[in-house]
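A quick note: this is a predicted structure, and the numbers were derived from the prediction, not measured. Atoms within each ligand, like the ligands themselves, are counted from 1 in listed order.
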Amino acid sequence: MEILIRDTPESVARTAADVFAAHVRPGAVLGLATGSTPVATYKELIFRVEAGNLSFRGCQAFLLDEYVGLPKEHEQSYHSTIRREFTSHIDIDDADVHGPDGTNPDPHAAALDYEKQLKNSGGVDIQILGVGTNGHIGFNEPSSSLNSHTRLKTLHPQTVADNARFFDSEEDVPRHVLTQGLGTISQAKHLMLLATGEGKADAVQALAEGPLSAFCPASVLQWHEHATVICDEAAASKLANTDYYRFAETHKPEWQGFGGL
Ligand code: GLP
């Protein structure tokens, strides 16, 4: 796992955009995440497209998760969110942006279908991840099997409370979701997790320096051969080994870059 610490959330977004852009080419399969953390990275990528320095033509994009029961056009469905925050502003066809179908009355069938779509795509080249305050990624709450696949999950009350800010009230937050499993996410060739703000400091410490455990779903990154964590000083504030992470980045061989192994 490579841990990159930046002074500000803006600098996190610039580094994340650099790492992500290294994978963008026709035929690339890109794993996108919702939540507020990646929004600044999306803005930076949009800026690069508008400046003519980056093109998503010929790419496919796959979302991590979706609420169950929200109509696709609901402004808080992840289907709508990713289009509003990112994909409608770049040169990718809407039909090439995929997500689990939270409107399917048979969530099990929807989950299997999504796994099939991911498999048929040839696999995700780079997956952006945020992290929940309780260490969840996608919507894999604590106790999620480390080798789980796309399935229905019940949200943790903490996640319902955290996400209530996007809805009129906590009551309106759906309790059920479809999410790629930790095993599904781990199949991506490169995992890039972003974390900003003090509220994520415990989760970052647990995922990077705690045990590999279903209790901290994001710790599954420790088992992945190519994981990059990019966080600001506030999110890194509880890490014990920061001197080494900074030393490793300072002494990174120039040829190595961030995109490849
Ligand atoms: C939701 C999403 C996750 C996201 C998390 C944290 O639960 N399903 O993918 O990482 O929120 O969101 P934020 O970045 O807003 O803190």
To the nearest 0.1 Å, how far is [atom] from its closest protein heavy atom, and which atom is that?
atom: atom 12 (O) of ligand 1; result: Gly35 CA, 3.9 Å
atom: atom 6 (C) of ligand 1; result: Val131 O, 3.6 Å
atom: atom 4 (C) of ligand 1; result: Thr34 O, 4.1 Å
atom: atom 14 (O) of ligand 1; result: Thr37 OG1, 2.5 Å
atom: atom 11 (O) of ligand 1; result: His136 NE2, 4.0 Å

Under 3.5 Å, is there a donor on one side chain and an acceptor on the other for [X] and [Y]?
X: Thr133; Y: Asp202; value: no
X: Thr196; Y: Arg6; value: no
X: Thr103; Y: Asp101; value: yes

Per-atom contacts of ligand 1 with [X], taking only distances under 4.0 Å to non-hydrogen atoms:
X: Asn163; value: 1 (C), 7 (O)
X: Lys200; value: 13 (P), 14 (O), 16 (O)
X: Phe139; value: 1 (C), 7 (O), 8 (N)
X: Arg165; value: 15 (O)

May I ask you to identify, for [X], whether its side chain, its backbone, both or neither come under 4.0 Å of ligand 1 on a heavy-atom basis?
X: Gln180; value: neither
X: Ile137; value: neither
X: Tyr78; value: side chain
X: Ser36; value: both
X: Asp65; value: side chain

*Quick one: do Asp96 and Arg57 make a salt bridge, cutoff under 4.0 Å?*
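Looking at Asp96 and Arg57, the cut-off is not met.
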*State, with a plain yes or no, whether a side-chain heavy atom of Ile230 is found less than 4.5 Å away from one of Leu193.*
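In short, these two side chains do not touch, never coming nearer than 4.5 Å.
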*Judged by atom type as modelled, is there a donor-acceptor pair below 3.5 Å linking the side chain of Asp94 to the main-chain atoms of Ser88?*
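No.
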*asked:* Check for me whether the distance between the ring centres of Phe166 and Tyr67 falls short of 6.0 Å.
replied: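 Centroid distance Phe166-Tyr67: not below 6.0 Å, so no.
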*Identify which of Gly138, Gly130, Pro38, Gly197 has a heavy atom lying nearest to atom 9 (O) of ligand 1.*
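The nearest heavy atom belongs to Gly138.
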_Using a 4.5 Å cut-off between side-chain heavy atoms of Ile, Leu, Val, Met, Phe, Trp and Tyr, which other residues end up in the same hydrophobic cluster as Leu178?_
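Result for Leu178 is Val68, Leu152.
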*Any His156 heavy atom less than 4.0 Å to ligand 1*: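 Heavy atoms of His156 never come under 4.0 Å of ligand 1.
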*asked:* For Phe86 and Phe56, take the angle between the two ring planes, folded into 0 to 90°, and tell me which bin it lands in: parallel under 30, tilted 30 to 60, perpendicular over 60.
replied: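 Aromatic pair Phe86/Phe56 classed perpendicular.
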*For Glu141, which of Gln158, His136, Lys153 qualifies under side-chain hydrogen bond (donor to acceptor under 3.5 Å, both in side chains)?*
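That would be His136; it is the only one of Gln158, His136, Lys153 passing the side-chain hydrogen bond (donor to acceptor under 3.5 Å, both in side chains) with Glu141.
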